[in-house]
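Here the structure is laid out as structure tokens; the discussion comes afterwards.
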Amino acid sequence: MRSETLIWAAVAAIFAFLFIPILVIVLYAFSAAPIPAWPIAGFALHWFGDTWHDEAVRQALALSLEVAAVATLAAVLLGTLAAMAVARMQSATKEVVSFIAVLPIALPGILTGMALAAYFAFWGMNLSYWTIVAGHATFCVVIVYNNVVARLRRMPRSLTEASADLGADAFRTFRLVQLPMMASAIGAGALLAFALSFDEVIVTTFTAGAQNTLPLWIFGAIRLGQQLPEVNVVVFAIILFTAIPVLLAQKLIGESGKVAR
Amino acid sequence: MDDTGFNPIMAEARVNQPIVQLEDVAKTYGGAVALARVDLTVHAGEFFTLLGPSGSGKTTTLRLIAGFERPDKGKILLDGQDVATLPPFERAVNTVFQDYALFPHLTLVENVAYGLRAKKVPKPEAHAEAEKALAAVQLANFAGRKPAQLSGGQRQRVALARAMVNRPRVLLLDEPLGALDLKLRHQMQQELKRLQTETGITFIYVTHDQDEALSMSDRIAVFSQGKIEQVGTAFDLYERPASAFVADFVGNSNILGTTLLRPEKLHLVPHAHAVPEGYEKRHGIVREAVYLGAVTRTIVALEDGGTMQVMEANIVPVHGALRFVPGDSVTVAWPRSACAVIGGEYNKGEQ
């Protein structure tokens, strides 16, 4: 009984440590004061309206959504294909290629960002929307790849053999057997990739030109000490935005685990 | 359509006409030899079994015929046409997999209709055929279920229906009963044999279980270390084995030099007891005697070295005791006609 109480206390402490700062930001979003201060003197909702009508915030939000969508799409295509290729390889090659494929996510973002910036500069490319997408795709691909590879590992080879045995060519087998069996893994990977892209700062700092994604806008505003109430509102919105895909992804992974048996 | 639910292949298949031929086929996996050199002819309408221990090459042979592997060299003829380089989906054979390989995301009727749909049979007809095939394996009421909702035995029958509904020229079965318990396995053995006889489809069956091979097959190929040791009927393999390996792998055996003595053909008599004319004998001491119900198995340590195993049918019950117990001096006797010469000229059969 006592040890159970202790465990619950520990869990509560960890959750408090993780979530109280976030809760404070969320509360600040409703504070009336132009400069957030504790204790909160009065509450107001007008910062939501102000933020929504702020052109800079709107543009940053649109860019973030667009980048996340395109990077995720690229990740789904490349990550899935890479996972299928790796699944067919002999074990020795497989390990090497797997390691290289996962490496981008293990590298510090600052390295990836610097390397990409130098690479773009070398080819004389201007930093643009597409350079941000490329930067985000580097880690989004890995997320999708990891999810799909894990699924394929649990999928017996005899299923694709059975399909071929029953007269289905490679494309039909892909469409009717492999894709349906990978679908939830791809979906979960895509949702996580979207969430990661949406709040990425470091790589984006190096690959964005004059544009601001939402996290970059927050970063800038905080550094300059301006529009702090709006920042609180935006952070609140981002929490909601990223929590939803992560929740969905978890549900997908959980469900498909049962189906794959 | 007969009562199996599967259309029978016409009787012309019955005349000993080759349907699958392997000529000088070899296969290695990254240096490891899976098949050293295999020549094999399977006739149309046969129940043909590839028998051998694991790693002997029997499964590789089946996978080569199915098209999941390509041979390093040699020909694989299906109805006289070399298919060695054709992908599986262009070969008129179907496979029942060891793990059944049912598609988990499809219902049973969709699973069984899969092959017909791949051949562009319209959906309503394909599903109607699939339902008939499911009925033929006693799963008529399960058409809408997913494989995960079935027992192992039921999945096995779906796998069988899914392959047979395509009326393949040859049905390949890769240890299909391995995952079932003994009773179910015996039941399915009879069921398979019945389906094979009634449809006339050629079965090529892989197993490591000699009882299974002997009880179902028209002919059996015994594999060892990537080679075929012998091809023949159950009788050929048991009574006239072509090699010591076959003699030992198929059934129990006593091997004296090149002479094979099956344990059930031997008799035990008290030591120095007279033996009839035309009998050979050896003296020894009983080392072990086990009552097994139908038979008693006695191991005798021979005077001149070595041991012999004797199986005697318990025809006349000996009350409460074994006829011989460990330590007894006995004589093992057998008629000369019971001896088989391993690898004798007449044993070779066809290869």
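Naming convention: chains lettered A, B, ... in sequence-line order (proteins, then strands); numbering from 1 in each chain. Everything quoted here is computed from the prediction, not taken from an experiment.
Within the 4.5 angstrom heavy-atom criterion, only side-chain atoms of B:D99, from C-beta onward, approach chain A. When heavy atoms are compared at a cutoff of 4.5 Å, B:L102 approaches chain A solely by way of its backbone atoms N, CA, C and O. Only the side chain of B:R63 comes within less than 4.5 Å of a heavy atom in chain A; its backbone stays farther off. Contacts between B:F103 and chain A at a heavy-atom distance below 4.5 Å involve backbone atoms as well as side-chain atoms.
No more than 12 heavy atoms of other residues, nucleotides or ligands lie within 6.0 Å of NZ in B:K75, so this atom counts as exposed by the packing criterion. No more than 12 heavy atoms of other residues, nucleotides or ligands shown are found within 6.0 angstrom of CE on A:M114. For A:I110, the CD1 atom is loosely surrounded, since the number of other residues' heavy atoms within 6.0 Å does not exceed 12. Atom CZ of A:R58 has more than 12 neighbouring heavy atoms from other residues, nucleotides or ligands inside a 6.0 Å radius. Atom NZ of B:K123 has 12 or fewer heavy atoms from other residues, nucleotides or ligands within 6.0 Å. The neighbour count for A:Y119 OH, taken as heavy atoms of other residues, nucleotides or ligands under 6.0 Å away, does not exceed 12.
Taking every heavy atom of both residues into account, A:G167 and B:F89 meet most closely at C-CB, 3.4 Å.
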Query - Worked verdict on B:Y114 versus A:L176 for side-chain contact (heavy atoms from CB on, under 4.5 Å) - result: CA-CA 9 Å; B:Y114 193 92; A:L176 296 181; 3.8 Å; yes

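Of the listed residues B:A118, B:A163, B:A159, the one with more heavy-atom pairs under 4.5 angstrom with chain A than any other is B:A118.
Proximity to chain B among residues 159-166 of chain A is limited to A:L159, A:E161, A:A162, A:S163, A:A164, A:D165, A:L166, judged by heavy-atom separations below 4.5 angstrom.
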